[in-house]
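To start, the structure under review is shown below, and the notes come after it.
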Amino acid sequence: MMQNHISPEKEDQMIEQAYQNLLNGYLSSNHRKKVEVIDKAFKFARDAHQGIRRRSGEPYILHPIAVATIVSQEIGLGSTSISAALLHDVVEDTDYTVEDIEAQFGEKIAHIVDGLTKISGGIFGDKASLQAENFRKLLLTMSEDIRVVLIKMADRLHNMRTLSSMPANKQYKIAGETLYIYAPLAHRLGLYAIKTELEDLSFKYNHPSEYRRIKDHISASEESRNELFARFSAPIRERLDNMGLQYEFNARVKSCFSIWNKMQNKHIPFEEVYDLYAARIVFECDDESAEKRICWNIYNEITEVYAKHPDRVRDWLTTPKVNKYRALHVTVMGPDGNWVEVQIRSRKMDDIAERGFAAHWKYKIGEGEEESELEAWLSTITDILKDPEPNAIDFLDTIKLNLFASEIVVFTPKGEPMTLPKGATVLDVAFILHTDLGTHCIAGKVNHKLVPLSYKLSGGDQVEILTSNSTTPKAEWEKFLVTAKGKTRLRTALKHERRLIIEQGEKRFMDFLEQHNIQFSNEVLSQAITRQRIANKEEFFFLIGNGEIALSEELISKKEHGSRINWWRRNIFKNRDGSKDDSKDTKDEPQESDNAVNTKAIYHLTTRNGVSNYQIADCCHPIPGDDTVGFLNDAGRVVVHKMDCPTLARLKASYGSRLLQTQWEDHTDRFLATIHIEGIDQKGILQSIVNIISTNMSINMKRMNVTADQGVFNCDLDVLISDAKVVTNLCREIKKVKGVNSATRMS
């Protein structure tokens, strides 16, 4: 944090030095030199932000200079983008208008600044209704000028780099939003270096102790890792030198976030993450037509030295990724007996891989061409934007799925390629080709073989869609879809189908009343709906139209059913555990799924505002000693989640103002924890584990599920413990049992 006693002269020197650093980077780039407009933008922004400071205490102008420097030196954009980055907060934070910017700098820069102003303050507001709307603004602006999103990415990166000056609840919100949307967006745009840094910075603020621990492990293993890579690379270097290539051959260590993710997903400690690094060969090549041939020549030399993994060759040369990533990956067995991935790229491929679409400027690709490269993805977004009332969380989940998806390429019967996310099905292809094909799809032919519409496709498959006019879309189809376009088109078709059924049901009801000489009134309708225990008239008419409600005289009888009041008492005015609830507000909590929170577990904890009632989130089961965050739900109760809980990730991105810092108090309660044990099945192993739990450590065991198959032993057990340290100690003791390979706590 900047000290307030720094003199104005020193501050002016800092500002000038930061600006000169920006200019020097720009002047060393391949862009046409338009220093005048950058200088004009800098002076305009400096005057506009005069006297304003950031939370850290530094002059505010240092932020737009830093964003412009990222835009220029890390993303590789030119004078228009640099000027817009310098001006990006002027309209938002000062009295200047977009019209003032246009008068001074022209329409193009003003348009970009206007786009950045519309999506200022983060993508999401505190209300769910604002989430989808603000995210739409980002995506629509993205389709108008890709530079808006690239500058926004630079703005977010600098905010993350300076996040330490923010209060903890803001850190959780911003880090959660960054990991949930900005990192996947950077991934989709091909901004690999920025994506990696955003993930690591988010990880650092969400899990500070885990982050430090992994950083320490990486540092401690650096010397042995370097020795190993030197042995691995020596014979390959000799062959590359004989080829006469100019190249770099380095080891790239996985990011902290990537290592932690693997530890979580595989339930392994750091020591068992064997693919800590990937080797990368980047060669110089002026002739683009020779790049592919050189990549395969290098591949041949490597596989002459080391045995390759038969299933882990990735050819991104023949079929580049949607974000234009091109490279050849091969995984080989290293001298230490572990697999090592080698990435083979030309210098141009490497630039595009690290800096994405923006790297094209370096290679003289014409202005405007970068927008067209996003066209295919943006057409998917356009379909989603057509839905007027998406559920905000579902909307964001669908987008995120498509941002981060691995890709496969399949072919139509005519041989036309289609790029799809990994895991896409025959039904996805049907809906992507046309809504009518999707709604009438009955099956498919993959490589001329008949398959169901739920069949998951592989790269290179040839797909033909089979339809029937008598087939109609079904709600359960959604579980067969992974593409945003497929899900959106199915939902739209189901809404249309539902409307038709509702209209049919309403007509049947009206005809029924007419047949029985009953005058329609809201009272008659309300009585019929109440007796069926249905929420609203649309649902009532839908069930009639669908044949799920039979029309009878009892439905519209004026006799009062005595059980009606009891039904309301029994079903409405109660808690989920069956106890009476005197509160009047019984609405569902939109931010939690029905099974996300165990409402029976009500305790006390300390927040910054004092002691509150709280609930243990059933989705992640935090226990004392875990890093936790509290979330204030609609009922005014704090729901406590583990910091790495997937449900919390969504809440952090969406309801940042409801997050609370939490601290475990001294307690006598016992908490549920689940431990997964794997090992070699042998006599006495189960008895030894039970002795440790019940006898040695006096822990209460609630459930044990044991399976043994072909000599492999698996056991899941639930125990009641006081805090996380007990679980750690228990796992350590169980690992000492002969035959046990691993013992880890599960969420």
Side-chain angles (χ1 to χ4, degrees), residues 207 209-214 216-218 220-221 256 258-276 337-338 598 601 603 616-628 640-646 664 666-747:
H207 303 277
S209 58
E210 293 292 321
Y211 176 81
R212 283 193 299 272
R213 191 176 300 124
I214 290 174
D216 291 344
H217 276 308
I218 290 172
S221 63
C256 290
S258 179
I259 293 169
W260 179 76
N261 235 358
K262 184 151 194 172
M263 290 166 62
Q264 298 300 304
N265 292 335
K266 301 274 189 183
H267 304 293
I268 56 174
F270 178 89
E271 292 73 23
E272 291 179 27
V273 180
Y274 295 117
D275 56 341
L276 270 180
N338 287 313
N598 176 4
Y603 305 96
I616 296 296
D618 204 29
C619 47
C620 56
H621 292 294
I623 59 178
D626 287 336
D627 288 337
T628 57
V640 181
H641 292 263
K642 283 175 68 177
M643 191 77 83
D644 57 354
C645 172
W664 296 99
D666 292 337
H667 61 90
T668 57
D669 300 312
R670 289 292 178 266
F671 296 79
L672 192 69
T674 300
I675 295 173
H676 178 70
I677 306 167
E678 293 180 0
I680 305 301
D681 188 21
Q682 53 186 307
K683 189 176 180 181
I685 189 170
L686 187 59
Q687 184 63 45
S688 300
I689 292 170
V690 171
N691 282 341
I692 288 171
I693 298 167
S694 302
T695 307
N696 297 6
M697 300 187 71
S698 301
I699 291 172
N700 188 359
M701 189 163 52
K702 298 292 288 182
R703 179 188 69 94
M704 177 178 271
N705 183 28
V706 180
T707 59
D709 183 27
Q710 297 181 9
V712 177
F713 170 87
N714 280 277
C715 173
D716 289 316
L717 60 93
D718 292 345
V719 290
L720 288 177
I721 45 79
S722 56
D723 58 45
K725 286 182 181 176
V726 176
V727 182
T728 304
N729 291 338
L730 177 57
C731 289
R732 187 174 61 242
E733 292 302 312
I734 291 174
K735 282 183 190 175
K736 294 177 182 177
V737 173
K738 186 177 180 182
V740 170
N741 186 48
S742 66
T744 53
R745 177 184 163 200
M746 310 287 286
S747 291

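Along the sequence shown, residues are numbered consecutively beginning with 1. In this text, all values refer to a predicted model and were calculated from it rather than measured experimentally.
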Heavy atoms of Pro624 and Ser722 approach each other most closely as CG-O, 3.3 Å
Non-hydrogen side-chain atoms of Thr744 and Glu678 separated by less than 4.5 Å: no
Could you please spell out the steps behind the side chain to side chain donor-acceptor pair (under 3.5 Å) verdict for Glu733 and Asn729? CA-CA 6 Å; Glu733 292 302 312; Asn729 291 338; over 6 Å; no
Closest heavy-atom contact between Arg745 and Cys731? N-SG, 4.1 Å
Here the gap from Cys715 atom SG to Asn705 atom CG, rounded to the nearest 0.5 Å, amounts to 7.5 Å
Does any part of the side chain of Glu271, heavy atoms only, come nearer than 4.5 Å to the side chain of His217, both counted from C-beta? yes
Could you check whether any side-chain heavy atom of Asn714 comes within less than 4.5 Å of a side-chain heavy atom of His676, counting everything from C-beta outward? yes
Rounded to the nearest 0.5 Å, the CZ atom of Arg670 sits from the CD1 atom of Ile721 at a distance of 8.0 Å
Is there a donor-acceptor pair closer than 3.5 Å between any side-chain N or O of Asp723 and the backbone N or O of Val726? yes
Determine, for Asp718 against Lys702, whether the closest basic-nitrogen to carboxylate-oxygen distance falls under 4.0 angstrom. no
Under the criterion side chain to side chain contact (heavy atoms under 4.5 Å, CB included), I'd like the reasoning laid out for Val740 against Phe713: C-alpha separation, chi angles, the key distance, then a yes or no. CA-CA 8 Å; Val740 170; Phe713 170 87; 5.5 Å; no
Looking only at heavy atoms, which two atoms of Pro622 and Ala617 are closest? And how far apart? CD-O, 3.7 Å
For Ile616 and His621, which heavy atoms make the closest approach, and how far apart are they? CG2-CA, 4.2 Å
Tell me, do Asn741 and Ile680 make a side-chain contact under 4.5 Å, heavy atoms counted? no
Taking Ile699 as the fixed residue, which of Ile693, Ile692, Leu720, Val727 is the one that meets the side chain to side chain contact (heavy atoms under 4.5 Å, CB included) rule? Ile693
Closest heavy-atom pair, Ser209 versus Asp627, reported as atoms and distance to 0.1 Å, is OG-OD2, 3.6 Å
Rounded to the nearest 0.5 angstrom, the CE-CG distance for Met704 and Leu686 is 5.0 Å
Taking the side chain as everything from C-beta on, heavy atoms only, tell me whether Phe671 gets closer than 4.5 Å to Asp626. no
Are Leu730 and Met697 packed together at the side-chain level, in the sense that at least one heavy-atom pair is separated by less than 4.5 angstrom? yes
Give the minimum heavy-atom separation between Gln682 and Gly739, together with the two atoms involved. NE2-CA, 2.9 Å
Would you give the length of the straight line joining atom CD1 of Ile214 to atom OG of Ser258, rounded to the nearest 0.5 angstrom? 9.5 Å
Flag, side chain of Ser221 to backbone of Ile218, donor-acceptor distance under 3.5 Å: yes
Atom pair CD/CE of Glu210 and Met263 - distance to nearest 0.5 Å: 6.5 Å
Measure the NZ-CD distance between Lys262 and Glu272 for me, rounded to the nearest 0.5 Å. 11.5 Å
